[in-house]
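Chain A is the first sequence line, chain B the second, and so forth, proteins listed ahead of strands; every chain is numbered from 1.
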Amino acid sequence: MTRVLKRSFYERDTVTVARELLGRTLCRRLDSGKILRARIAETEAYDGFEDRASHAHKGVTVRNKVMFGAPGRSYVYLCYGVHWLLNLTTREVGYPAAVLIRGVEGVTGPGRLTKHLQVDKRFNELPLTRVAGLWVEEAEVVPDADEISATPRVGVDYAGERWAAMPWRFVWKASQGLHR
DNA sequence: TGCGCGATTCTC
DNA sequence: AGAATCGCGCAT
């Protein structure tokens, strides 16, 4: 039987969680009852107070407060006034961190992904459970280390040399269907 | 109360 | 290369 990743999975080192989410299945139950499932193929870690690429680096705000809260919740925000971006919170309460889901099998791009799964601000701050309609399931097979590539994060040049260069983007190379 | 800007994507 | 499009964050 499928197993839903629980809070303890997320209440760990953010970079580790970002890497280990690859291959796991992102699930969304629509209002119609239909369930969409897609294996996670691309993630990025945003971790702590010092990470200048993270929304949290200047402290708590209305937008980013979810990052400071409980692990295993969704952090959804509007990017460029156009796209909803989905993050999963990590680490203990009080420590700001989250993993951005950048792509799943068949759907590349954080904005395209939320459109496909019909995720928007209604999901902000919800726990990742079946009841909430958005959750992640354990994988039968997870990628081997040599199937994962780590690169700098996308679109964070504003963060300065050190943080922009941090290899916190993870891509599952073996995943098929990373297409537009 | 106002203003500038993005963890993007699509079209030209 | 440029537009779309708007909530947020910070200054005023």
Exercise. Got a sec, which pairs hit side-chain hydrogen bond (donor to acceptor under 3.5 Å, both in side chains) with one end in residues 78-90 of chain A, sequence neighbours left out?
Worked result: A:T14-A:T90

Exercise. Looking at A:F9, is A:R7 sitting on its ring face, NZ or CZ under 6.0 Å from the six-membered ring centre and within 45 degrees of the normal?
Worked result: no

Exercise. Who else is in the cluster with A:V62 when I, L, V, M, F, W and Y are joined by side-chain contacts under 4.5 Å?
Worked result: none

Seminar exercise, completed: Separation of B:dG6 atom P from A:R153 atom CZ, nearest Å, is 15 Å

Problem set entry | Connected-component partners of A:V82 among ILVMFWY, side-chain separation under 4.5 Å | none

For this session: Treating a pair as Watson-Crick (purine N1 to pyrimidine N3 plus N6-O4 or O6-N4) or G-U wobble (N1-O2 and O6-N3) with both distances under 3.5 Å, list the stems of 3 or more consecutive pairs that involve DNA chain B.
Result: B:1-6 with C:6-11, B:8-11 with C:1-4

Exercise. Out of curiosity, A:T25 OG1 to A:E138 CD, how far, rounded to the nearest 0.5 Å?
Worked result: 9.0 Å

Exercise. In residues 156-170 of chain A, which residues come under 4.0 Å of DNA chain C by heavy atom?
Worked result: none

Problem set entry | Gap between atom CD1 of A:I101 and atom CG of A:L86 - 0.5 Å precision | 5.5 Å

Exercise. Under the ring-ring contact (aromatic ring centres under 6.0 Å, His included) test, which residues partner A:Y77, sequence neighbours left out?
Worked result: A:H55, A:Y75

Exercise. With sequence neighbours excluded, what pairs up with A:R52 under the salt bridge (Lys or Arg N to Asp or Glu O under 4.0 Å) test?
Worked result: none

Exercise. So how far is it from A:W135 CH2 to A:L88 CG, rounded to the nearest 0.5 Å?
Worked result: 14.0 Å

Exercise. Using a side-chain heavy atom cutoff under 4.5 Å and only I, L, V, M, F, W and Y, what cluster partners does A:V154 have?
Worked result: none

Exercise. Who pairs with A:S149 by side-chain hydrogen bond (donor to acceptor under 3.5 Å, both in side chains), at least two apart in sequence or on another chain?
Worked result: none

Exercise. When we call it a touch if two heavy atoms are under 4.0 Å apart, what does A:L85 touch: a base, just sugar-phosphate, or nothing?
Worked result: sugar-phosphate

Problem set entry | Separation between the P atoms of B:dG2 and C:dT5, rounded to whole Å | 23 Å

Seminar exercise, completed: Within residues 67-76 of chain A, the residues having a heavy atom closer than 4.0 Å to DNA chain B are A:M67

For this session: Determine whether A:L113 and A:L36 fall in the same hydrophobic cluster, where Ile, Leu, Val, Met, Phe, Trp and Tyr are linked whenever their side-chain heavy atoms lie under 4.5 Å apart.
Result: yes

Problem set entry | Contacts of type salt bridge (Lys or Arg N to Asp or Glu O under 4.0 Å), residue A:R19, not counting sequence neighbours | none

For this session: Can you check each nucleotide of nucleotides 4-12 of chain C against protein heavy atoms at under 4.0 Å and return B for base, S for sugar-phosphate only, - for none, in 5' to 3' order?
Result: BBB-SSS--

